There are 2 protein chains.
Amino acid sequence: MVFRKTAIKTYEFHIFDSKIMKRKVTLKHIAKELDVSISTVSKALRNSVEISEDTKEKVQAFAKLYNYKPNNIALSLKNRKTKTIGVIIPEIVHYFFSMVIRGIERIALERGYNVIVGLSNESFDKEVINMETLANGSIDGFILSISKETLFQQDYHHFNETINQGMPIVMFDRVINEIPCDKVIVDDLDGSKKAINKLVSNGCKNIALITTKDYVSVGRLRTQGYMEALSENGIAPNAELILKVDDKLEAENHLDVLEQSIEQLIRNNATIDGIYAVNELYAMTSMKVARKLGKNIPEDLQVIGFTDGVLSRHSSPTLTTLSQHGQQMGEKAAELLFDRLENEEENEIYQTIVINTELIERESTK
Amino acid sequence: MVFRKTAIKTYEFHIFDSKIMKRKVTLKHIAKELDVSISTVSKALRNSVEISEDTKEKVQAFAKLYNYKPNNIALSLKNRKTKTIGVIIPEIVHYFFSMVIRGIERIALERGYNVIVGLSNESFDKEVINMETLANGSIDGFILSISKETLFQQDYHHFNETINQGMPIVMFDRVINEIPCDKVIVDDLDGSKKAINKLVSNGCKNIALITTKDYVSVGRLRTQGYMEALSENGIAPNAELILKVDDKLEAENHLDVLEQSIEQLIRNNATIDGIYAVNELYAMTSMKVARKLGKNIPEDLQVIGFTDGVLSRHSSPTLTTLSQHGQQMGEKAAELLFDRLENEEENEIYQTIVINTELIERESTK
DNA sequence: ATTGACAACGCAAACGTTTTCGTGTTGAAA
DNA sequence: TTTCAACACGAAAACGTTTGCGTTGTCAAT
């Protein structure tokens, strides 16, 4: 086997494993073949001045020929960092969360990190298990959004323990203020106000709210924004117009229940001329039910949903929504985490970054 | 600090690091504190018979108190396996692919594996880079679906090299027959036939096809199924009725182009009474355009799409689709990979598993 | 001939495990 | 008292790196 390095030098290496190389080649292999020490090989590959030009060329040629790549695991052990982060999300078949992952992954690729994804499925136990299996050296830090069950039980010991062991966490969207970590959230409260203000200025007098139970932080904030915006516009909130859906039974598989609840809401309050829903699915379903009840959108009823997703863009009529900028949230979260990981002196000051929502006007509003 | 192990024994450990423990505790720490060797600690924790009951109890109590967990990286290095797999997909904000991930993750959790996700963004270069950064010891094997650009360029060297280095690959959905690895695919050809047969038996005489350019393997197969099914039903395929969309410009951001193409198709062929589209978006857009042109669905025009997603379920009318069972594909792919990884003697016989599509009838067909 | 400097390289430790093998201590059998 | 097994534990190698430092060898200067 002949390998030409330059026009000047020609190296001749005999294949050191007659069969096709299966296992990856290591420094040790190279050292043995070239009859030098492992240290010499390592230094030669890193272009150390300690090594002669001749040796460097020979080693580098050999390494290239056999496609040597340093073993990441060994490097991780030595450097005590893995260049890998863990991302725990409640659900992946979901426009917003997959957008966040896309954002995280983009920055990770850019900065040389890998991303391990764990799904909690909205379950406390799975969240804990996922975190425990990753926190034992596999990763350098976490990015996560808290599961509904965890929010409901209000048991946050696993977050605190992880942080106490020196592993940083960045939380996004569903966060807990008390936990000492960086956070990226959306302006749930202000976003809601934008939506309500829009509806009011479009002439709506009776605006209904379709939201979740209060233990989901984002649901609570969006509800609060609705209340405040109404007040600010001199409208007295009417409890009749607020539908709090129990999302223990995830809507996707219990559409009928959702539809019935909304139908009741609209039937019982014939004067409704605006609906604000805290997510895309609730908004879509509202439009569907309303049309069934003979209402024209947006003439009789205007609808706005939180979370801009694929449904909003492709429904008919298309849906006016508040965009959460999921990808941007992911990017920001990743940057916060990487910056913290690469900053030697640990900084006890944690940031909370607020990403502004944007009202995207489509056909469901005038 | 007092720790009660049983009613009989009481151990008293002094905190060996007066500050709150930051870095994770290792065998070495425990050994030093308890004044035994590292080997003894290791054996005691694994309940070796070599160690006396007394010592075992003491070590285990201490380990539990300080929440000792073995370092995964060190284990990976020693065992030469990481219990982690890499998953490379073209896109994550996508119903089908995120379903696959969900399936993979479910099995991975069950069998004690972690999942690193890499996105190719349909780009050849990113696919290669992602694979190279993972193939250096970070993972034990790959699950992947080939990017469009790679399919277009037909450059598969990175797959072959990875396999030659002894790292198994499982491909799903977009696969290449020539590559020696396990595969999980959907019955694209048969699925198409189901759809066409349905339309024909529902009375359609002029069925249009909206598909992609041929280099995407699944697109080609679905097109082929359309052709064959027509022939089998005694209908001569009509080139006029076939629209091959250039998906270099991803539809999501070029909806206008897509809509215009479809509008032309329908205008030029007034007799069209059925449309079969190779994905959900094409089908949805067809319905939208058709309605704009005054066609009633399903009375005047029936529509079936490949890939059952969130759009199909929530559009109005709801869309009849072929379900790809993405989650099941992910589960199967993961099982194939884990089985191969855990099988000592390497098996040169590769399987191709075909997941059957299922026709889900909704409102867009009679 | 003796020094000293410098170039070129190897040794060994370290990261945190597991595991094989060796060793010292006990107690009982001879 | 000697011998030997059983017991309980420790030393060291291995996984694949990087790096500080010690060790050679060569050659010019004294």
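Proteins come first, then strands; the chains are lettered A, B, ... in the order of their sequence lines, and each starts at number 1. All values derive from a computational prediction rather than experimental measurement.
Listed nucleotides dG16(D), dT19(C), dA14(D) differ in distance to Lys78(B); the shortest reach to its side chain belongs to dA14(D). When distances run from any side-chain atom of Ile51(B) to the nucleotides dT18(D), dC9(D), dG10(C), the shortest one goes to dC9(D).
Looking at heavy-atom distances under 4.0 Å, Val49(A) makes no contact with the nucleic acid at all. Residue Leu75(A) is in sugar-phosphate contact alone, with no base atom involved, counting any heavy-atom pair closer than 4.0 Å across all strands shown.
Side-chain nitrogen and oxygen atoms of Lys28(B) include at least one within less than 4.0 Å of the OP1 or OP2 phosphate oxygen of dC15(C). Proximity of Ser39(B) to the phosphate of dT18(C): no side-chain N or O atom is located under 4.0 Å from OP1 or OP2. Between Arg80(B) and dA14(D), a side-chain N or O to OP1/OP2 separation shorter than 4.0 Å is absent. Note on Ser52(A): every side-chain N or O is 4.0 Å or more away from OP1 and OP2 of dA8(C). When the side-chain nitrogen and oxygen atoms of Thr55(A) are compared with OP1 and OP2 of dC9(C), one or more of them lie within a distance under 4.0 Å.
The existence of a salt bridge linking Glu335(B) and Arg340(B) is excluded, since no basic side-chain nitrogen approaches an acidic carboxylate oxygen closer than 4.0 Å.
With rounding to whole Å, Asp35(B) atom CG is found 12 Å from dC9(D) atom P. Taking atom CG on Asn72(B) and atom C1' on dC15(D), their separation rounds to 15 Å, with Å as the unit. Taking atom CD1 of residue Ile38(A) and atom C1' of nucleotide dT18(D), one finds them 11 Å apart after rounding to whole Å. Between Lys58(B) atom NZ and dA8(D) atom P there is a gap of 14 Å when expressed in whole angstrom units. Rounded to a whole Å, the CG atom of Asn79(A) is 12 Å from the P atom of dG16(C). Atom-to-atom, NZ of Lys43(A) to P of dG22(D) comes out at 13 Å; the value is rounded to the nearest Å. Taking atom CG of residue Leu45(A) and atom C1' of nucleotide dC9(C), one finds them 15 Å apart after rounding to whole Å. We find that CG of Asn47(B) is positioned 14 Å from P of dA8(D), with the value rounded to whole Å.
Panel note: side chain Asp173(A), backbone Ser145(A); no donor-acceptor pair is recorded below 3.5 Å. Without hydrogens or angle criteria, Glu127(B) side chain to Ser147(B) main chain gives a donor-acceptor distance under 3.5 Å.
In this structure the side chain of Met131(B) reaches within 4.5 angstrom of the side chain of Phe142(B), judged on heavy atoms.
No hydrogens or angles were tested; on distance alone, nothing pairs the side chain of Ser37(A) with the base of dC9(C) as donor and acceptor under 3.5 Å. Not a single donor-acceptor contact under 3.5 angstrom links the side-chain atoms of Glu50(A) to the base of dC6(C).
A side-chain donor-acceptor contact under 3.5 Å links Thr55(A) and Ser52(A).
Between Leu77(B) and Arg46(B), the residue anchored nearer the 5' end of DNA chain C, judged by the nucleotide with its closest heavy atom, is Leu77(B).
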